[in-house]
Amino acid sequence: MLETALSFDAPWPEATDWEALALRAATAAMERTEHGELLTGAALCEISVRLTTDEEVRTLNAQYRQKDKPTNVLSFPMVQADLLDTIGQNSDDGEVLLGDIVLAHGVCVREAAERHISIEDHATHLIVHGTLHLLGYDHMEDHEAEAMERIETDALTSLGLDDPYLIRED
């Protein structure tokens with residue numbers, strides 16, 4: 001089973017059901033990976049999603065990645081990728097925190113505007129992306145990036161969203 005724990009600050013719009021959006025995005029990502037069985041397993045897997053300001057993300061990015069600037073999404077896995085397969089094998093697993101995903105409002109708004117999409121659609125993509133990082137996916141090498149992008153595109157298509165990697169010509 002999967003659960004998301006969401007927190008958000010202004011200026012993220014309160015009218016959006018961010019909790020439902022986060023759960024849909026994380027589920028769509030997870031079910032397209034080799035870890036999809038976590039969705040139906042005995043252990044409750046939780047992903048913490050924080051929607052916050054550029055300044056908070058800048059601070060986290062500087063502290064954990066030594067990059068003193070905001071970025072659209074940060075992911076902080078709590079389970080080593082090589083141990084994900086062991087979740088649910090022990091009867092005492094109960095609840096497992098897979099990790100944290102943090103999105104920066106200003107960066108997300110700017111990127112959504114550049115792509116001519118809503119902040120909700122862009123946040124959905126970034127939560128899918130962040131979830132894949134929590135599941136051990138990366139994009140440091142070309143083959144890793146291509147595999148990750150295929151999963152993201154498939155997950156977003158299942159949610160009725162366009163491929164974020166198509167080159168748009170205006």
Side-chain angles (χ1 to χ4, degrees), residues 1-6 8 12-13 16-41 45-52 54 57 60-61 65 67 69-82 84-85 87 96 98-170:
M1 295 183 295
L2 179 65
E3 196 174 89
T4 55
L6 185 115
F8 72 96
W12 288 89
T16 300
D17 186 350
W18 295 110
E19 182 77 39
L21 183 149
L23 183 58
R24 281 192 311 273
T27 299
M30 189 177 287
E31 65 190 5
R32 284 160 177 77
T33 71
E34 66 273 16
H35 304 295
E37 72 277 357
L38 293 175
L39 293 169
T40 57
C45 296
E46 183 178 310
I47 295 174
S48 172
V49 178
R50 175 133 176 83
L51 307 177
T52 190
D54 285 8
V57 172
L60 292 168
N61 205 20
R65 298 178 65 226
K67 295 182 180 185
K69 62 181 183 175
T71 187
N72 54 12
V73 60
L74 291 172
S75 299
F76 300 97
M78 300 294 186
V79 178
Q80 288 177 215
D82 61 342
L84 287 167
D85 290 335
I87 296 173
V96 178
L98 293 177
D100 302 321
I101 299 171
V102 185
L103 276 64
H105 182 265
V107 176
C108 291
V109 166
R110 283 189 298 280
E111 290 177 348
E114 289 168 7
R115 290 167 174 79
H116 308 289
I117 61 174
S118 69
I119 182 74
E120 290 84 1
D121 287 356
H122 192 46
T124 298
H125 174 212
L126 295 176
I127 293 169
V128 165
H129 185 89
T131 299
L132 294 177
H133 278 307
L134 298 184
L135 296 173
Y137 289 84
D138 211 339
H139 44 80
M140 299 302 285
E141 303 290 330
D142 286 344
H143 70 281
E144 293 173 330
E146 290 169 8
M148 194 168 170
E149 287 176 11
R150 276 192 303 274
I151 296 169
E152 288 176 43
T153 299
D154 188 31
L156 293 171
T157 298
S158 78
L159 296 169
L161 301 179
D162 291 333
D163 181 347
Y165 297 106
L166 286 177
I167 297 173
R168 291 180 171 80
E169 295 186 27
D170 293 339

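When reading the values below, keep in mind they use all heavy atoms of this one structure, side chains included, and skip hydrogens, waters and symmetry mates. Treat the numbers as computed from the prediction; the structure is a model and nothing was measured.
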More than 12 heavy atoms from other groups under 6.0 Å of CG on Asp142: no
Residue from Leu51, Ile47, Asp17 passing side chain to side chain contact (heavy atoms under 4.5 Å, CB included) with Leu6: Leu51
Any Arg50 side-chain heavy atom under 4.5 Å of Leu60 side chain: no
Separation between CD of Glu37 and CD of Glu31, rounded to the nearest 0.5 Å: 12.5 Å
Closest non-hydrogen atom pair, Trp12 against Ala123: CZ3-CB, 4.4 Å
Close side-chain approach of Ser48 to Phe76, heavy-atom, < 4.5 Å: no
Taking every non-hydrogen atom, the tightest pair across Ile151 and Ala29: CG2-O, 4.2 Å
Candidate list His125, Arg32, His139, test side chain to side chain donor-acceptor pair (under 3.5 Å), partner Glu152, passing option: His125
Side-chain heavy-atom pair Thr33, Tyr137 within 4.5 angstrom cut-off: yes
Interatomic spacing from CD1 in Ile87 to CG in Leu98 - rounded to 0.5 Å: 5.0 Å
Side-chain touch Val107/Val57, heavy atoms, less than 4.5 angstrom: no
Met30 versus Leu39, closest heavy-atom pair with distance: SD-CD2, 3.6 Å
Heavy-atom closest contact (His122 atom, Cys108 atom, distance): CD2-O, 3.5 Å
Side chains of Val73 and His129 in contact at under 4.5 Å (non-hydrogen atoms): yes
Heavy-atom closest contact (Thr124 atom, Ala25 atom, distance): O-CB, 3.6 Å
Sub-4.5 Å side-chain heavy-atom contact between Val49 and Trp18: no
Euclidean distance, Asn72 CG relative to Leu103 CG, rounded to 0.5 Å: 7.0 Å
Nearest-0.5 Å distance that lies between atom CD in Glu120 and atom CG in Leu161: 11.0 Å
Atom pair CG (Leu135) and CD (Glu34), whose distance is rounded to the nearest 0.5 Å: 8.0 Å
Heavy-atom side-chain proximity of Asp138 to His133 below 4.5 angstrom: yes
Cys45: which of Leu134, Leu84, Leu38 passes side chain to side chain contact (heavy atoms under 4.5 Å, CB included): Leu38
Side-chain donor/acceptor of Ser158 to backbone N/O of Ala155, under 3.5 Å: yes
Worked verdict on Leu23 versus Leu2 for side chain to side chain contact (heavy atoms under 4.5 Å, CB included): CA-CA 8 Å; Leu23 183 58; Leu2 179 65; 4.2 Å; yes
Arg65 and Thr71 side chains, donor-acceptor separation under 3.5 Å: no
Taking every non-hydrogen atom, the tightest pair across Glu19 and Ala5: OE2-N, 4.0 Å
Main-chain N/O of Thr153 paired with Asp163 side-chain donor or acceptor, under 3.5 Å: no
